[in-house]
Each structure stands twice: as C-alpha cells, then as structure tokens.
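One structure is given below, encoded as structure tokens.
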2 protein chains.
Amino acid sequence: MKGYDRYAYEPFAVTVDLAVFTVRGGALHVLLIRRGQEPYEGAWALPGGFLLPRESAETAARRELAEETGLPEAVVAGLHLEQLRTYSEPDRDPRMRVVSVAFTALVPDLPEPAAGGGGDADQARWVPVGEAAGLAFDHALILGDARSRVGAKLEYTCLATGFCPPEFTLGELRSVYETVWGTALDRPNFRRKVLATPGFVEAVPGAARLTGGRGKPAALYRAGPATALHPPLLRPTEGHPK
Amino acid sequence: MKGYDRYAYEPFAVTVDLAVFTVRGGALHVLLIRRGQEPYEGAWALPGGFLLPRESAETAARRELAEETGLPEAVVAGLHLEQLRTYSEPDRDPRMRVVSVAFTALVPDLPEPAAGGGGDADQARWVPVGEAAGLAFDHALILGDARSRVGAKLEYTCLATGFCPPEFTLGELRSVYETVWGTALDRPNFRRKVLATPGFVEAVPGAARLTGGRGKPAALYRAGPATALHPPLLRPTEGHPK
DNA sequence: TCTTTAATAGTCACCCTGACTATAAACAGG
DNA sequence: CCTGTTTATAGTCAGGGTGACTATTAAAGA
C-alpha cells in the first residue's frame, strides 16, 4: 500500500472469467458462449462478467456460473471453484483497461447443453477443448492455463470426483483421469491406488450397478472427505521418465 | 464477457501486494513496511502499490519489488516472482473498493536491511514471519496464504535455490527446507535425494568451501536448469503418515 | 589433545509402483 | 446356446525410492 496517497491511481474495470470443464463422451469439454456484440462479435469466449459493486470475485464467479449453466444455486454452491490467476495485460481488451480474475470449475456431465436458463448469453455450448479455436480476447491463453492447472491438480488432489456424478464407478473415475491426461492407465493399478488412499472414495452400501454397459457390473463409490492425495497419483512419464 | 455492455460496471482501484520471503539466521523472514498515513497509520504492511495506467500486475510487482528492496533492476528481473491470488473482498480497504493482486517472491539473504534505496516507504524491515502480527488490511491473510504456498512449492519445484546465494552448500539448501517447513531433515537422505534429481543442482568445478563454520568443509553447488521435482520431495508426515 | 560439529559414504528393509496374469460377470452376435 | 468381447476385480512379482541408521572424514573450539 506504499504510495497509496501519493500516486494518482487509475480506475480499472474488473471482471471474472470462467473456465468450466466437464468430461463428456471421452473428451474434455469447456463451456463457451458466443459473443453478441463487438468486439469479437460472433466469436466464442469464456463466460464471465463484471463484478457487482459489493461483490468479491469469488461471489461473482459463482453467480456467473449459476447463470451460465442454469444449475440451481444449491448445486453451484457445492461445486469446486478455484481461482486460477489474474490477467491484467494493458491491451487485453481493445476498448478499455480490464483486469480479469480467472476461475476454474469442474462439473459433472450435465444433462442439458446448459445456459438455457437465466443466462443472458447469446448462445452457450460445451465444446471439446481441442476444438476451441479463435477465442475472443486472451481467452485462449486463459483456457490453456486452466487446462494445465486441472491436469496438474488431478495428480495431488481428489478433485477428479468433481467431474463425476454423486455415485460413480471406478471405471468412470479412471476415465476422468485418462480423458484429462490423454493417457491410458492400468486398470488394476489405478484401482489399487485409489482404494489405498484413505478418504478418496467410499463404497456405497447398496448394490452394484447392473446393466450399465458391457462387461461385469462395477461397484459404486462416493467421493470421500479427503481433498489431498498423499502420495500423489502421478501421470505416467509426464516428460520425466520416473 | 457476457453482459459486457449491459451491466453498468463499477471502476475499481487495482493494486499489487508482495509477500517477499528470505531465510535469515534459521528463520523465515518477510519484508514489511511501516505505513506512514491513515488508515492503519504506524501499522506494518506488505509492500505494494497501485498499477500504473499501462502496467500489468506482473510488471508493477517487479517494479515495486525493486523499489522496496533496493536491489538493482537486473537482479530483480531474475528473481522468482509468482502470482499468489487476487483479493477482492468489498471491505478489505476501509476507504474504497480496492482489488489487490498478491505476489510471492523469494530472495537470498540480503546484506542490507533493504529499502534504503528508491523506496518511498516510511520504513522497511525484514521480520520473522512468526512475529508478523497486527498487519494492516487483510495482509495477515495474504501472508498466511503465501507462506502455505511457499511450503507446498518446495515439495515439487526446485525453487528452494531461490533462497540461496548463487553458490551454496547442500547444508544451506537443506536449512532452507528445514526453516520453511519447520522440521528437521535427515542429512544423508536429503543429500541423496537432491543429487539424484537431474538438473536440481550442479557441482561448482572449483574447490570446496573452506573455513566457513564448524565441521568438515562442504562442496559448493549452483542451481541447475530444472524447475520441477519428479518425484517430489515430500515433507515428513505432513499430517499424512506416508 | 579431546570434543563437537558437519559433510559424506554406505547399508538395509519396507513400501509403492509398473507390468503382468488370471478369473468373473455381463453383453453381442451367430 | 455357445462363443467372443468387454469390463471389473484379484493377485503376483521385480525394481526403485525412501526412511532409519551406522560409519568415516575433516574442520573448529575448549
């Protein structure tokens, strides 16, 4: 706060931008909206918006998330939402100086294409991250940073369960890792590792899921109370031959 | 950017705050300045200041760091500086709405008490983190977050060398870990681990340090090109008995 | 000279991990 | 109805990293 009263300070516009991920059909998807006006009219962009006068960035991010996904407030309140970083390059918005606090969120595969509800976005859609090109502003950079962060977080936190419905099989959980990391994991080893981590998942007392797809029916699990993974679940040979 | 032209947006003041750490005499220290005016006049605070009109937060943070520490620009340009997170609670500053982007920096033990140079702070001082109480604004929260981050980063990155002078002994490096983590580490095991990680440190071709302190003279090392630690160097029993 | 301190070398057992094999239980198709 | 495919689950085995520990060397200080 040095110089607080000495420098003339410039007012900035402050926004939040959200990189909302889900796993759908074996591919990592991100929620994008189509811009309805200049600049970048017609281009796809990350959802987001201005902070209201008495809102923190976290509050604004959760509000925007609820508006864009159409999820009920109660559900949104329980979702994993995390500050990524703040983007403040002077020319990131061609009209004026905008500082944006970026967030990352993980949601299970939603039944509807999202954003039919209260959102005032022109159009909203889940897009495979590989196909998200030509994003407005510096949103490609933000998306890249968010993608890296999510991949890294899977290694040493339990938040992969955030991509899963309330009850899931170990196969579904493994497919989250395989989808985000883009690598295949050994089934028995993954199972051993997850079950050996106390508090990561807990078995559902009821029966096993029956005629889901092909193959032997799998047991159902719920997310456990743990948040960190010790020791971590490292992705294979991530450029570093272990 | 949804609603960009729909909501009336409120202008905010944007600042950077810096948690600058160093290891000195077996204790983790943080750089604090004494506030010269209200609010919190006379209280200690993290160094920081407003973004200039065409500055990014990163640029502003590095500029403030140079001003506060009195280090030459060339040195500051090479220091490790990392965004921590953005603090945007509406009432974090009693006068007006201020959004602050917080950064963490690691510096070697500086010869001078710092901030005699170009800084316009009332007074600047290195303070052991344990004795930093009654900080202005939400700076105690920021300091706590920064401290956690630094501790965690030591586990899976090489940035402990950022606390060391250009050439250092393994004992000095180990003392960085012990100081930040507050735990004792086994000497031989630490040595084995560090030397087994390619690119973490590299031996200095010259001779060993001679009459430093007591004990057998130690070999000198430099920071290597690696930035990540695979596998990580986990702190002992960090609540999770491995 | 003897003690203390720190650096360095080396040992050993345990556990985690990756790689792999085997069995069970569903479905698809002929 | 049988067979092949798919997935879940159980289990084995060797190698590597780690924690715990001992031993040796080389300096400073009393």
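Below, chain A is the first sequence line, B the second, and so on; all start at residue 1.
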- Message: With a cut-off of less than 4.0 Å, is there a side-chain N or O of K193(B) near OP1 or OP2 of dG17(D)?
- Response: no

- Task: Round to a whole Å and report the spacing from CG of L234(A) to C1' of dC15(C).
- Result: 15 Å

- Taking OP1 and OP2 of dT7(D), is either one under 4.0 Å from a side-chain nitrogen or oxygen of R214(A)? no

- Message: Need to verify one output field. Residue with the more 5' nearest nucleotide on DNA chain D, L233(B) or P188(A)?
- Response: P188(A)

- Message: Please classify the nucleic acid contact of R192(B) as base, sugar-phosphate, or nothing, using heavy-atom distances under 4.0 Å.
- Response: base

- Please state whether the phosphate of dA9(C), meaning OP1 or OP2, lies under 4.0 angstrom from any side-chain nitrogen or oxygen of R191(B). yes

- Query: Salt bridge or not for E58(A) and R62(A), using N-O below 4.0 Å?
  - Reply: no

- Rounded distance in Å - OH (Y177(A)) to C1' (dG18(C)): 17 Å

- Query: So does R174(A) get a side-chain nitrogen or oxygen closer than 4.0 Å to the phosphate oxygens (OP1/OP2) of dA8(D)?
  - Reply: yes

- Message: Measure CD/E172(B) against C1'/dT8(C) and give the value in whole Å, please.
- Response: 16 Å

- Please report, rounded to the nearest Å, how far the C1' atom of dA6(C) is from the CG atom of L173(B). 16 Å

- Query: Does Y87(B) have R85(B) sitting over its ring (NZ/CZ under 6.0 Å from centre, angle to axis within 45°)?
  - Reply: yes

- Note on the structure: Here the distance between atom P of dT8(C) and atom OH of Y221(B), to the nearest Å, is 6 Å

- Query: Any idea which heavy atoms bring A146(A) and A19(A) closest together, and the distance?
  - Reply: CB-CB, 3.6 Å

- Query: Quick one: L195(A) CG to dG11(D) P, roughly how many Å, whole number?
  - Reply: 13 Å

- Result for 5'-nearest mapping on DNA chain C, choosing between G171(B) and D186(B), is G171(B)

- Is the distance from OP1 or OP2 of dA7(C) to the nearest side-chain N or O of R187(B) less than 4.0 Å? yes

- Nearest-Å distance, CG (N189(A)) to P (dT21(C))? 13 Å

- Over all atoms of both residues, closest heavy-atom pair of T157(A) and Y177(A): O-OH, 4.1 Å

- Item | Nearest heavy atoms of P205(A) and R222(A), plus distance in Å | CD-NH2, 3.7 Å

- Query: Expressed in angstrom and rounded to an integer, what is the separation of H230(A) atom NE2 from dT18(D) atom C1'?
  - Reply: 16 Å

- Item | Residue P217(B), side-chain heavy atoms: nucleotide from dA26(D), dT18(D), dA25(C) that is nearest | dA26(D)

